[in-house]
Amino acid sequence: MKKLVLATTSLAIVLAGCAGGGMSDTQRNTAIGAGAGALGGAVIGSATGGNRGAIGTGAVVGAAAGALGGYLWSQRMEAQKRQMEAATQGTGVAVTQTPNNELKLAIPSDVSFDVGRSNIKPNFAPVLDQFANGLRNNPAAEVRIIGHTDSTGSDAINNPLSVDRAASTRDYLVARGVNAAIFRIEGRGSHEPVADNNSDAGRAQNRRVEIYVGERGPRG
């Protein structure tokens, strides 16, 4: 109970400090998340019967989850990252862990889509097949798929094309047994380039799809 009171008091102090200004939005959100996570962890520990170790562990785990927006980097996520690194070796697909504990796959156009098209290319399929295996085994996964285009053409063409690319990727994964409810798709058109659109090589890098996977902790 003392730990719970302390966590509650700490959260109140954090909220007061955030309201006082002097923090960026990112710093403020992280601080609030950490404070709320610590409170949640203390509650979890208290619910386990007041065991000192359980309370302390719960507070630490809760603070870590809150500070990172609720995503956890579990052994299951680490295993999927290693599987995707092996499956994409030599393809140009970048597999990384984001600061928010999401697994990110950045898939360039030579793997994913032809110019002006949204259908899955044959060399993209094996990557998605392996990815689907990991998602089927992770019931806590949440997936964002973001489609992008180069600057060729107008927004009237590029914006829906980028959404279609994300939708094609989602539909391929769903067809291989992944729960459709875990997906959220977005299209950014040509508005978030990662390379110079004035060259063929740069435009090829900008025609891409990015997949983000996050795993939520247990919910009450």
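These figures come from a predicted structure and were not determined experimentally.
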Item to check | Nearest non-hydrogen partners of Ser109 and Ala204, listed with the distance | outcome: OG-O, 2.7 Å
Checklist entry - Can you tell me how far CZ of Arg117 sits from CD1 of Ile120, rounded to the nearest 0.5 angstrom? => result 12.0 Å
Item to check | Rounded distance [0.5 Å steps], CG in Asn100 versus CH2 in Trp73 | outcome: 11.0 Å
Checklist entry - Looking at Gly147 and Ala166, what are the two nearest heavy atoms and their distance? => result N-CB, 3.9 Å
Item to check | Heavy-atom closest pair, residues Arg207 and Ser112 | outcome: O-OG, 4.1 Å
Item to check | Flag, side chain of Arg165 to backbone of Leu161, donor-acceptor distance under 3.5 Å | outcome: no
Checklist entry - Can the positive tip of Arg170 be found less than 6.0 Å from the middle of the six-membered ring of Tyr172, inside 45° of the ring normal? => result no
Checklist entry - Do Asn138 and Met77 have side chains that get closer than 4.5 Å, going by heavy atoms? => result yes
Item to check | Sole candidate of Asn179, Asp129, Val178 that passes side-chain contact (heavy atoms from CB on, under 4.5 Å) when paired with Leu173 | outcome: Val178
Item to check | Exam field: side chain Ser199 to backbone Gly202, donor-acceptor pair closer than 3.5 Å | outcome: yes
Next on the checklist: Evaluate Lys121 against Asp114 for side-chain contact (heavy atoms from CB on, under 4.5 Å), listing each step before the verdict.
Outcome noted: CA-CA 8 Å; Lys121 292 171 68 171; Asp114 289 323; 3.4 Å; yes
Checklist entry - So how far is it from Asn206 CG to Asp196 CG, rounded to the nearest 0.5 Å? => result 8.5 Å
Checklist entry - Roughly how far, to the nearest 0.5 Å, is the NE2 atom of His148 from the CZ atom of Arg208? => result 4.0 Å
Item to check | Side chain Thr96, main chain Thr98, donor-acceptor under 3.5 Å | outcome: no
Item to check | side-chain contact (heavy atoms from CB on, under 4.5 Å) partners of Val143, counting only residues at least two apart | outcome: Leu135, Ile145, Ile182, Phe183, Ile211, Val213
Next on the checklist: Which heavy atom of Gly153 sits nearest to which heavy atom of Asn158, and what is that distance?
Outcome noted: O-ND2, 3.3 Å
Item to check | Approximate separation, where rounding is to 0.5 Å, of Asn101 CG and Tyr71 OH | outcome: 10.5 Å
Next on the checklist: Through direct or indirect side-chain contacts below 4.5 angstrom among Ile, Leu, Val, Met, Phe, Trp and Tyr, which residues connect to Tyr212?
Outcome noted: Ile146
Checklist entry - Hey, which of Glu78, Met84, Gln80 is the one that makes side-chain contact (heavy atoms from CB on, under 4.5 Å) with Arg82? => result Glu78
Item to check | Side chain to side chain, Phe113 and Ile107, heavy atoms closer than 4.5 Å | outcome: no
Checklist entry - Nearest 0.5 Å, what's the CZ-CD distance between Arg188 and Glu186? => result 4.5 Å
Next on the checklist: Between Asp150 and Thr152, does the side-chain hydrogen bond (donor to acceptor under 3.5 Å, both in side chains) criterion hold? Intermediate values first, please.
Outcome noted: CA-CA 6 Å; Asp150 62 32; Thr152 304; 3.2 Å; yes
Checklist entry - Can you check side-chain contact (heavy atoms from CB on, under 4.5 Å) on Leu105 and Leu103, steps first, answer last? => result CA-CA 7 Å; Leu105 276 65; Leu103 174 64; 4.0 Å; yes
Item to check | Arg184/Glu142 salt bridge by N-O under 4.0 Å criterion | outcome: no
Checklist outcome for this item: Closest non-hydrogen atoms of Gly189 and Ser162, given as atom of the first, atom of the second and distance, are N-OG, 2.9 Å
